[in-house]
Amino acid sequence: RTNTSKSNRRPNLCPRTGTYQNLIVTMMKFASIVTLLLAFVAMVNGFAPLHPMNTQGTALNGVCKVKTEVGDGEPIESALRRFKREVNKSGHLMELRHRRYFENSQERKKRKVKEGRLRKKFERMQRRRMQQQT
């Protein structure tokens, strides 16, 4: 006789992928909420985290200085939206993402060329939009 209480049962595997899909999705949602809350607390306290690696020669120099002033009576959602936009503009998260794993100079050059191509493409698109508006 087997014990089938809820605590002993394993979560169902996704039939298509064979993974614990519900558990993974729940963990990802929880992690994103915790990240946003920590970022918001850091924003309120004016905390500027130091980069864990040696950052000599980088544009950021190890300090992320993103500040967002929250107005009186301003909803938290709009302040968070502005904060996330500023963080994305600062490039700090992209730098951390690239430094998550070692990237040799050849890979770095390829990535920079690709990023430059994308940047030029978006600039061209923006110029065309501006010309069409006038």
Side-chain angles (χ1 to χ4, degrees):
R1 181 174 176 182
T2 60
N3 187 359
T4 58
S5 68
K6 283 189 176 184
S7 63
N8 289 340
R9 276 192 277 164
R10 294 170 54 161
N12 293 335
L13 288 173
C14 175
R16 187 172 50 85
T17 61
T19 60
Y20 296 104
Q21 190 173 17
N22 293 339
L23 181 64
I24 292 170
V25 169
T26 305
M27 287 173 54
M28 288 173 59
K29 286 180 182 178
F30 180 73
S32 64
I33 290 171
V34 168
T35 303
L36 280 175
L37 287 174
L38 288 175
F40 186 71
V41 168
M43 174 188 68
V44 169
N45 293 335
F47 176 72
L50 292 176
H51 194 282
M53 296 180 170
N54 184 10
T55 56
Q56 286 181 331
T58 65
L60 299 175
N61 289 331
V63 178
C64 178
K65 294 182 181 180
V66 177
K67 292 185 181 180
T68 304
E69 298 293 328
V70 181
D72 292 335
E74 181 182 9
I76 296 292
E77 291 81 15
S78 66
L80 269 175
R81 195 177 320 118
R82 286 191 299 117
F83 176 71
K84 288 197 307 188
R85 191 179 310 131
E86 289 296 319
V87 168
N88 283 333
K89 278 201 271 184
S90 74
H92 187 69
L93 290 179
M94 288 301 290
E95 181 85 14
L96 288 175
R97 189 177 300 151
H98 294 311
R99 289 175 176 263
R100 186 173 184 181
Y101 302 105
F102 178 74
E103 182 180 46
N104 63 24
S105 60
Q106 184 179 7
E107 291 169 347
R108 189 178 311 118
K109 286 176 189 174
K110 285 182 182 179
R111 177 176 53 84
K112 294 280 187 181
V113 167
K114 188 188 244 184
E115 287 173 357
R117 260 191 252 127
L118 275 174
R119 190 171 44 252
K120 291 282 186 182
K121 178 183 175 183
F122 287 124
E123 287 173 3
R124 280 194 306 268
M125 289 170 50
Q126 186 69 21
R127 252 187 274 128
R128 285 183 192 150
R129 284 191 196 122
M130 295 302 288
Q131 288 175 354
Q132 288 175 358
Q133 286 179 358
T134 57

For residues [X] and [Y], determine if any side-chain heavy atom of one lies less than 4.5 Å from a side-chain heavy atom of the other.
| X | Y | value |
| --- | --- | --- |
| Arg111 | Lys114 | no |
| Arg129 | Gln126 | yes |
| Met94 | Arg97 | yes |

Q. With clusters built from Ile, Leu, Val, Met, Phe, Trp and Tyr whose side-chain heavy atoms come within less than 4.5 Å, directly or transitively, what are the remaining members of the cluster of Phe122, listed by chain and number?
A. Leu118, Met125
Quick one: closest heavy-atom pair of [X] and [Y], and the distance?
| X | Y | result |
| --- | --- | --- |
| Arg82 | Val70 | NH2-CA, 4.2 Å |
| Val66 | Phe83 | CG1-CE1, 3.9 Å |
| Glu115 | His98 | OE2-NE2, 3.4 Å |

Q.
Check Glu77 with Arg81, please: is the shortest side-chain N to carboxylate O separation under 4.0 Å?
A. no
Q | Basic-acidic side-chain contact under 4.0 Å: Glu107, Lys110 | A | no
Q. How far does NE2 of His92 sit from CD of Glu86, to the nearest 0.5 angstrom?
A. 14.5 Å
Q: Could you tell me whether Glu123 atom CD has more than 12 heavy atoms of other residues or ligands within 6.0 Å of it?
A: yes
Q. Residues two or more places apart in sequence or in another chain: which of them pass side-chain contact (heavy atoms from CB on, under 4.5 Å) with Gln131?
A. none
